[in-house]
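Reviewing the structure listed below.
This structure is a prediction, so every number in the text was calculated from the model and none was measured.
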Amino acid sequence: MITLLLLLLQGIPEGIAITTLAFVISRIPLKLIQIVLVGITLAVSASVIRLLPIPLGIHTIMVILILFIVLTWLSKGDLSQSFISTLLSSLVLIIFETASLPLFELISRLTPKALYPFQAPRIILGDIHVIILFLVTYLLNTFLLKKIT
C-alpha cells in the first residue's frame with residue numbers, strides 16, 4: 001500500500017527525476033514547471049494503477065507509456081527520439097533502483113524486506129537511487145551542453 005507520505009517523499013521525486021532525465025536525453029529545454037507537473041503525473045498515475053487489481057509491473061508499463069506520450073508532444077512529434085528517451089530513462093531508473101538495494105544492505109546490514117513495514121527507512125532506501133539519478137542527469141546535461149557549445 002502506497003501512503004501519501006511515500007508518494008510525496010519518494011514517488012514524486014522519482015517521477016521528477018525520471019522526467020528530468022528523459023528531457024535531457026530528448027534535449028527538450030528544461031522548464032521546471034513542466035518537469036514537476038509531468039513528474040507528479042507519473043507518480044500519481046503509478047500509485048493509482050498500483051491500487052487496481054492488475055498484475056504487478058503493469059504500472060511501470062503505463063508510466064512508460066505516459067512519459068512517451070508527453071515526450072512526443074513536447075518534442076513536436078518526434079516518435080523515435082521520444083521512444084529512445086523514454087526507454088533509456090526507464091532503464092537507467094531500473095538499474096539504479098536495482099543497484100541501490102544491495103548497496104543499502106551492505107551499508108545498513110538490513111534487508112529491504114525487513115524494512116518494508118517501516119516508512120522512514122523505505123523512503124531513505126527509495127531516495128538513494130533518486131539522488132543518484134539526479135546526479136547522473138545533471139552530469140549528462142552538463143556534458144551535452146558543453147558538447148553543443
Side-chain angles (χ1 to χ4, degrees), residues 2-50 56-113 115-116 119-149:
I2 302 296
T3 65
L4 184 59
L5 188 62
L6 280 171
L7 176 65
L8 291 174
L9 298 178
Q10 183 186 356
I12 291 175
E14 183 176 286
I16 292 170
I18 193 170
T19 301
T20 307
L21 180 59
F23 273 45
V24 168
I25 294 170
S26 292
R27 297 194 173 139
I28 295 172
L30 299 177
K31 295 180 182 170
L32 183 62
I33 191 70
Q34 281 182 336
I35 291 170
V36 170
L37 288 175
V38 173
I40 290 171
T41 301
L42 294 178
V44 170
S45 298
S47 296
V48 169
I49 293 167
R50 282 185 187 129
L56 186 64
I58 297 297
H59 73 282
T60 304
I61 295 168
M62 297 305 295
V63 166
I64 288 171
L65 181 62
I66 293 167
L67 184 58
F68 172 72
I69 291 167
V70 168
L71 289 178
T72 302
W73 177 61
L74 291 174
S75 67
K76 314 268 189 285
D78 190 343
L79 291 174
S80 61
Q81 181 182 6
S82 299
F83 183 72
I84 291 169
S85 299
T86 301
L87 288 183
L88 281 176
S89 58
S90 299
L91 181 62
V92 168
L93 174 67
I94 291 167
I95 290 169
F96 288 170
E97 203 169 34
T98 304
S100 70
L101 292 176
L103 177 66
F104 185 79
E105 283 183 50
L106 183 68
I107 294 169
S108 70
R109 302 190 189 262
L110 297 170
T111 64
K113 280 187 178 181
L115 295 175
Y116 190 78
Q119 281 192 346
R122 281 179 63 193
I123 291 168
I124 293 167
L125 175 61
D127 284 342
I128 290 172
H129 70 272
V130 173
I131 292 167
I132 295 169
L133 189 59
F134 273 122
L135 288 173
V136 167
T137 302
Y138 173 77
L139 293 172
L140 179 63
N141 190 44
T142 303
F143 172 77
L144 289 175
L145 287 176
K146 284 183 181 179
K147 193 173 181 180
I148 291 172
T149 58

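- Shortest non-hydrogen contact noted between I28 and L74 is CD1-CB, 3.9 Å.
- In plain terms, the two heavy atoms of L133 and L93 that are nearest each other are CD2-CD1, 3.9 Å.
- Atom-to-atom distance recorded for Q10:CD and I128:CD1 is 10.5 Å, nearest 0.5 angstrom.
- Sparse packing is recorded around CG of L56, with 12 or fewer heavy atoms of other residues, nucleotides or ligands lying under 6.0 Å away.
- Considering CE of M62 and CZ of R50, their distance stands at 13.5 Å, rounded to 0.5 Å.
- Atoms CD1 and OG, on I18 and S90 in that order, are 4.0 Å from each other to the nearest 0.5 Å.
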List the steps and the verdict of side chain to side chain contact (heavy atoms under 4.5 Å, CB included) for K31 and F23. CA-CA 9 Å; K31 295 180 182 170; F23 273 45; 5.8 Å; no

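- Taking all atoms of both residues into account, the shortest heavy-atom contact from I35 to T20 is CG2-OG1, 3.2 Å.
- With contacts defined as side-chain heavy-atom distances shorter than 4.5 Å, the pair I61/I64 does not qualify.
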Please output the side-chain donor-acceptor pairs of residues 81-88 that fall under 3.5 Å, not counting sequence neighbours, one pair per line with the distance.
unit_1, atom_1, unit_2, atom_2, d
Q81, NE2, S26, O, 2.1
S82, OG, L71, O, 3.3
S82, OG, T72, N, 3.1
S82, OG, T72, OG1, 3.3
S82, OG, S75, OG, 3.2
S82, OG, D78, O, 2.9
S85, OG, S26, N, 3.4
S85, OG, S26, OG, 2.6
S85, OG, Q81, O, 2.8
T86, OG1, S82, O, 2.7

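- To the nearest 0.5 angstrom, I66 atom CD1 is 5.0 Å from I49 atom CD1.
- In plain terms, the two heavy atoms of A17 and T137 that are nearest each other are O-OG1, 4.3 Å.
- Within the structure, no pair that satisfies the side chain to side chain donor-acceptor pair (under 3.5 Å) test touches residues 60-69, not counting sequence neighbours.
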Hey, mind stepping through T142 and Y138 against side chain to side chain contact (heavy atoms under 4.5 Å, CB included) and telling me if it holds? CA-CA 6 Å; T142 303; Y138 173 77; 3.7 Å; yes

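- Expressed to the nearest 0.5 Å, how far OG of S47 lies from CG of L42 amounts to 10.5 Å.
- To the nearest 0.5 angstrom, E14 atom CD is 10.0 Å from T19 atom OG1.
- Summarising the geometry of V24 relative to L144, their closest heavy-atom pair is O-CD1, 3.7 Å, with the distance given to 0.1 Å.
- Among all heavy-atom pairs drawn from I12 and L8, the shortest one is CD1-CD2, 3.9 Å.
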Could you check L21 against F134 for side chain to side chain contact (heavy atoms under 4.5 Å, CB included), going step by step and ending with a plain yes or no? CA-CA 8 Å; L21 180 59; F134 273 122; over 6 Å; no

